[in-house]
**Q** 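Sending over a structure as structure tokens; questions will come in a sec.
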Amino acid sequence: MRVLITGGAGFIGSHLCDRFLAEGHEVIAMDNLLTGSKQNIAHLAGHERFQFIEHNVSEPIQLDTPVDFVLHFASPASPIDYLKFPIETMKVGAYGTFNTLEIAKQYGARYLLASTSEVYGDPLEHPQKETYAGNVSTIGPRSVYDEAKRFAEAMTMSYHREYGVDTRIVRIFNTYGPRMRLDDGRVVPNFIGQALRGEPLTVYGDGKQTRCFQYVDDLLEGVFRLLNADYHEPVNIGTTHEISVLEFAEIVNEIANNAAGIVMMPNKRIEGDPQTRKPDTRLAHELLGWSPKVALVDGLAKTLNYFREVL
Ligand code: UDP
């Protein structure tokens, strides 16, 4: 099988390239390197089943070969990145989704959209089930990402209903692991970077806001299973192990052996920083037999080793 992976030089996209190659497939990675990096796929250079195309998927795509799968993972994904690139973020969710769906339609390829827990906004339902419609501002600063992904889901379902394209939608919850960018502003690279430099970890607000952190390998397994299932509506993939940001900071300090502690900082983050976030993953469990396997301390230890090398 030949697979097109947009965002193939990004954090999750590059791991997907590895996984598809390991399964014996041919991979075309497409990325404009806005937030992705060639470094993430440097080890694949020269691989006979791997090809990299530097291209912005928001512009029309012309492939010179048919593909069997299209996975649309291109987008700035950290709050700092999508605030820096608001128009690019909206375009890749809109035009990028349109262009990649057109490719899937043209070749009769199976299509998978990377959506996000951000479609639930600052959720009023806890945990969040796929049926929850979300609490999202249409005009707030985060809307550039949230609404782009909501539009992308709507577009994907439309191509499925209107043209019968064989689509999948995965709603990805907080995911971490090697190849995250140290300066992307998210809590995992921030805390690990600070811990490795022996600095105090910057906890925003009272630190009581919660997240569930899944290791990238668990996400990849979920994406793979969903791709092979016959189901077209969105599926949450994430862990249900919910912890506060403060607890998370303590765990990182312990694993990294960082004695510098924690500093509480006013939450200067953009409005709409969700207070809680936790997936209801019963659907993934029932439909895919999927459940996350990697314990937080183990995933963090691997991620720490990666960042140690980067630094
Ligand atoms: N956060 C923090 N310190 C940091 C970076 C982030 O306390 O240095 C908090 C942030 O306010 C948010 C949580 O950690 O409540 C997760 O932030 P992240 O950017 O990783 O992802 P989000 O889930 O908000 O998209």
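All values derive from a computational prediction rather than experimental measurement. When a ligand or atom number is given, it counts from 1 through the structure's own listing order.
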**Q** Checking the side chain of D146 only, and the main-chain atoms of G121 only, is there a donor and an acceptor separated by less than 3.5 Å?
**A**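 Flag not set: sc D146 to bb G121 has no pair under 3.5 Å.
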**Q** Before accepting this row, confirm whether a basic side-chain N of the pair K91/E59 lies closer than 4.0 Å to the acidic partner's carboxylate O.
**A**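 No salt bridge links K91 with E59.
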**Q** What class does the angle between the rings of F20 and H25 fall in, given that below 30° is parallel, 30 to 60° is tilted and above 60° is perpendicular?
**A**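 F20 and H25: tilted rings.
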**Q** Which atoms from ligand 1 have a heavy atom of R277 less than 4.0 Å away?
**A**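 So the answer, numbered in order with elements, is 22 (P), 23 (O), 25 (O).
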**Q** In terms of ring plane angle, is the pair Y176 and F213 parallel, tilted or perpendicular, where the classes change at 30° and 60°?
**A**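 Taking F213 first and then Y176, their aromatic rings stand perpendicular (interplane angle over 60°).
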**Q** Does R211 make a cation-pi contact with F248, if we ask for NZ or CZ under 6.0 Å from the ring centre and within 45° of the axis?
**A**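 Pair R211/F248 does not count as cation-pi.
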**Q** Which of the listed options, F248, Y204, Y176, holds the heavy atom that is closest to atom 4 (C) of ligand 1?
**A**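 The residue whose heavy atom sits nearest atom 4 (C) of ligand 1 is Y204.
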**Q** How does V187 reach ligand 1, if at all, at less than 4.0 Å between non-hydrogen atoms: by side chain, backbone, both, or neither?
**A**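 V187 to ligand 1: contacts from backbone and side chain alike.
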**Q** Going by distance alone, is a donor N or O of one side chain under 3.5 Å from an acceptor N or O of the other, for T65 and R2?
**A**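 Indeed, the side chains of T65 and R2 share at least one donor-acceptor pair under 3.5 Å.
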**Q** Pick one of side chain, backbone, both or neither for how T202 approaches ligand 1, counting any non-hydrogen atom pair under 4.0 Å.
**A**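 The answer is both, backbone and side chain.
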**Q** Hey, is Q194 one of the residues with a heavy atom under 4.0 angstrom from ligand 1?
**A**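 Heavy atoms of Q194 never come under 4.0 Å of ligand 1.
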**Q** May I ask you to identify, for L201, whether its side chain, its backbone, both or neither come under 4.0 Å of ligand 1 on a heavy-atom basis?
**A**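 The answer is neither; L201 stays 4.0 Å or more away.
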**Q** Main chain of F173, side chain of N236: is a donor-acceptor contact present, judged purely on distance under 3.5 Å?
**A**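 Between the backbone of F173 and the side chain of N236 there is no qualifying donor-acceptor contact (under 3.5 Å).
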**Q** Using 4.0 Å as the upper bound for N to carboxylate O, is an ion pair formed by R150 and E147?
**A**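 Between R150 and E147 there is a salt bridge, with a charged N closer than 4.0 Å to a carboxylate O.
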**Q** Flag the pair E221 and R225 as a salt bridge only when some basic side-chain nitrogen lies within less than 4.0 angstrom of an acidic carboxylate oxygen.
**A**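 Looking at E221 and R225, the cut-off is met.
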**Q** Heavy-atom pairs closer than 4.0 Å: do any link ligand 1 to the side chain of Q209, the backbone, both, or neither?
**A**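 Contact part for Q209 vs ligand 1: side chain (C-beta onward).
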**Q** Mark up the atoms of ligand 1 that fall under 4.0 Å of a heavy atom belonging to R186, in ascending order.
**A**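 In order of numbering, the contacting atoms are 18 (P), 19 (O), 20 (O).
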**Q** Output the list of atoms in ligand 1 that are nearer than 4.0 Å to some heavy atom of E118, sorted by atom number.
**A**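 Selected atoms, number and element: 25 (O).
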**Q** Based purely on interatomic distance, does R211 place a nitrogen or oxygen under 3.5 Å from a nitrogen or oxygen of ligand 1?
**A**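 Yes, there is a polar N/O contact under 3.5 Å.
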**Q** Kindly identify the option in V188, N190, D206, D81 whose heavy atom sits closest to atom 8 (O) of ligand 1.
**A**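 The nearest heavy atom belongs to N190.
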**Q** For ligand 1, which atoms have a heavy atom of D273 less than 4.0 angstrom away?
**A**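 In order of numbering, the contacting atoms are 10 (C), 11 (O), 12 (C), 15 (O), 24 (O).
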**Q** What atoms of ligand 1 come within less than 4.0 Å of a heavy atom belonging to V203?
**A**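 Answer for ligand 1: 7 (O).
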**Q** Please report the shortest heavy-atom distance between N99 and V57, naming the atom on each side.
**A**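 Here N99 and V57 meet closest at ND2-O, 2.9 Å.
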**Q** Taking 4.0 angstrom as the limit and counting only heavy atoms of V245, give me the atoms of ligand 1 inside it, by number and element.
**A**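 Reading through ligand 1 atom by atom, the close ones are 7 (O), 13 (C), 14 (O).
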**Q** Any heavy atom of M265 closer to ligand 1 than 4.0 angstrom?
**A**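 Heavy atoms of M265 never come under 4.0 Å of ligand 1.
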**Q** Considering only heavy atoms of R142, which atoms of ligand 1 have at least one such atom less than 4.0 Å away?
**A**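 Checking each atom against R142, I get 24 (O), 25 (O).
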